[in-house]
Amino acid sequence: MNYKNFPMVPRVVFGRGSFNQLSEIVAPKRLSMNAPFIYLVDDVFKSNSWLTSRISLSYDDRIIYISTKEEPKTSQVDALVEEIILNTKERPSGIIGIGGGSMMDMAKAVAIMLTNEGETHLYQGWDLVKNPALYHVGIPTISGTGAEVSRTTVLTGPTKKLGINSDYTPFDQVILDPELTKGVPKDQWFYTGMDCFIHSVESLEGTYLNAFSRSYGDMAYNLCKEVFLDGTPSTEEAQDKLMMASWHGGMSIVYSQVGVAHAMSYGLSYVLGTKHGIGNCIVFDHLEDFYPEGVKLFKAMKEKHDIELPKGICATLSEEELDTMINIALGLEPLWENALGKNWKKLMTPKQLKALYLKM
Ligand code: NAD
Ligand code: ZN
């Protein structure tokens with residue numbers, strides 16, 4: 001048995017208001033006056049000076065606002081990298097991502113592509129990155145994806161939705177300031193929070209589970225239960241807990257894998273553009289045969305927070321589109337193997353998967 005040797009985020013700050021320490025944290029990493037820090041910020045904060053006025057810009061540092069209407073694409077990373085190269089005198093000192101999972105992934109991908117040749121889609125897969133990334137910092141403003149701690153950056157490319165999974169992908173520094181999540185709309189809070197809950201269920205119920213993953217998975221699972229079933233969602237305590245749940249959920253899948261919900265959600269995302277959080281919820285709601293306990297809890301949480309999920313989203317798809325969706329989902333072999341074991345192909349045929357999609 002050859003055990004994997006995983007990289008982890010080497011530095012992390014946790015605390016309400018810790019965002020104010022940002023400039024002090026990055027200052028020693030400045031390479032020269034001509035090597036700026038580039039801040040990639042979700043454009044939801046464009047008119048929110050409460051957050052952006054606290055970013056201190058020196059020399060040629062700048063903020064680039066990015067829309068998260070669609071999830072990150074490899075072509076978008078290519079364009080951004082080109083724009084940064086053309087408009088900076090020297091290679092930047094660092095990339096700082098501020099926002100949700102989308103912005104975490106953009107920041108990681110841009111930091112990798114500023115030091116690696118060619119187009120971004122060439123690096124979608126496992127361990128294809130050759131050179132260390134630029135110094136990169138992640139500052140989540142919504143909790144759940146675990147992208148702040150993971151070894152991947154999920155991107156939609158010309159032929160697949162797949163992460164750049166490498167030892168160079170994790171952030172060099174993360175700032176966890178739960179206060180930054182206070183403006184998240186309720187539905188989005190639920191969808192992204194459920195991503196974390198689903199990470200924990202898929203990891204805990206998977207065949208890849210070991211004690212390392214279980215310890216993190218249990219923590220994420222219980223914190224989600226406290227946040228979504230027991231507590232008052234808008235309290236500071238709930239914000240703090242969900243931020244740590246996200247971290248643990250991400251750590252749990254480092255050594256294991258996600259499962260059926262994620263595989264199917266990737267299919268929805270590829271064909272319909274359904275976003276990760278809501279896509280996982282739409283799928284998970286129908287997975288009681290695979291995750292009975294988890295789905296029961298999910299339904300209780302959904303009811304408690306009055307969440308209505310879209311229905312019939314696959315009803316009008318053509319046969320061809322359904323086939324693409326099925327191929328994308330079944331192509332994620334490690335996810336199915338984790339969920340159903342080595343014989344998964346016998347347990348989940350394209351026909352069965354189609355029937356499941358048509359229920360959604
Ligand atoms: P997101 O980043 O798209 O953000 C969701 C929405 O919340 C956006 O509209 C955003 O503008 C808004 N938002 C974020 N913070 C806010 C705040 N403080 N106040 C008000 N609005 C705020 O969504 P997400 O669910 O965080 O991330 C989904 C993405 O993460 C997907 O692209 C998915 O593929 C990726 N992902 C990556 C990993 C990984 O390990 N790399 C894991 C899971 C998901
Ligand atoms: Zn996820």
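Indexing begins at 1, ligand by ligand and atom by atom, following the structure's order. Position 1 is the first residue of the sequence, and the numbers go up from there. For clarity, every value in this text was computed on a predicted model and none was experimentally measured.
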| query | Is it true that a side-chain atom of Asp177 and a backbone atom of Gly17 form a donor plus acceptor pair closer than 3.5 Å? | reply | yes
| note | Answer key: the N, O or S atom of His199 nearest to the Zn ion (ligand 2) is NE2
| field | Lys160 backbone acceptor or donor facing Gln124 side chain under 3.5 Å | value | yes
| field | Under-4.0 Å heavy-atom contact with ligand 1, by part of Asp195 that carries it | value | side chain
| query | Any sub-3.5 Å donor-acceptor pair from Asp60's side-chain atoms to Pro36's backbone N or O? | reply | no
| Just distances here: any N/O of Thr141 and N/O of ligand 1 closer than 3.5 Å? | yes
| query | Does His305 offer a backbone N or O that forms a donor-acceptor pair with the side chain of Lys186 under 3.5 Å? | reply | yes
| request: Give the contacting part of Ala147 toward ligand 1: side chain, backbone, both or neither, where contact means a heavy-atom distance below 4.0 Å. | output: both
| task | Check each atom of ligand 1 against the heavy atoms of Thr152 and keep those under 4.0 Å away; list them by number with element. | result | 39 (C), 40 (O), 41 (N)
| Backbone or side chain, does any N or O of Thr181 fall under 3.5 Å from an N or O of ligand 1? | no
| task | Please check if atom CZ in Arg11 has more than 12 non-hydrogen atoms from other residues, nucleotides or ligands closer than 6.0 Å. | result | no
| ligand 1 contacted by Lys69 (non-hydrogen, < 4.0 Å) | no
| message | Please list, in number order, the atoms of ligand 1 under 4.0 Å from a heavy atom of Lys275. | response | 3 (O)
| When you measure from atom 6 (C) of ligand 1 to each heavy atom in Gln188, His262, Lys73, Met103, which option holds the nearest one? | Gln188
| query | Does the N or O separation between Gly101 and ligand 1 drop below 3.5 Å for any pair? | reply | yes
| message | Just checking: His276, one of its N/O/S atoms, less than 2.8 Å away from the Zn ion (ligand 2), yes or no? | response | yes
| request: Check each atom of ligand 1 against the heavy atoms of Pro72 and keep those under 4.0 Å away; list them by number with element. | output: 32 (O)
| request: Would you check whether His199 has a nitrogen or oxygen atom less than 3.5 angstrom from a nitrogen or oxygen atom of ligand 1? | output: no
| message | So for atom CD, which belongs to Glu293, do other residues, nucleotides or ligands contribute more than 12 heavy atoms lying within a distance under 6.0 Å? | response | no
| query | Which atoms of ligand 1 are found less than 4.0 Å from any heavy atom of Leu180? | reply | 18 (N)
| task | Take atom CE of Met219 as the centre, draw a 6.0 Å sphere, and report whether it contains more than 12 heavy atoms from other residues, nucleotides or ligands. | result | no
| request: Heavy-atom contacts with Ser150 under 4.0 Å: which atoms of ligand 1 show up? List them by number with element. | output: 39 (C), 40 (O), 41 (N)
| note | For the Zn ion (ligand 2), angle spanned by His262 NE2 and Asp195 OD1 (nearest 10°) is 100°
| message | Test your reading of the model: is there a side-chain donor-acceptor pair from Ser213 to the backbone of Ser252, 3.5 Å cut-off? | response | yes
| message | If we count only N and O atoms by modelled type, under 3.5 Å, do the side chains of Asn280 and Ser265 hold a donor and an acceptor together? | response | yes
| said: I'd like to know if the side chain of Ser215 reaches the main chain of Phe212, judged simply by a donor and an acceptor atom lying under 3.5 Å from each other, with no hydrogens or angles considered. | reply: yes
| message | Given 3.5 Å as the limit, does a donor-acceptor pair link the side chain of Ser203 with the main chain of Ser200, or not? | response | no
| Of all the atoms in ligand 1, which lie at a distance below 4.0 Å from a heavy atom belonging to Thr68? | 3 (O), 8 (C), 9 (O), 10 (C), 11 (O)
| query | For atom 31 (C) of ligand 1, which protein heavy atom lies nearest, and how many Å away is it? | reply | Glu71 OE2, 3.2 Å
| Rounded to the nearest 0.5 Å, what separation is found between the CD1 atom of Ile84 and the CD1 atom of Ile64? | 4.5 Å
| Is the closest heavy-atom distance from Tyr191 to ligand 1 below 4.0 Å? | no
| field | Winner among Asp105, Asn280, Thr145 once heavy atoms are compared against atom 35 (C) of ligand 1 | value | Asp105
| query | Heavy-atom distance to atom 2 (O) of ligand 1: which of Gly97, Gly193, Gly138, Ser102 wins? | reply | Ser102
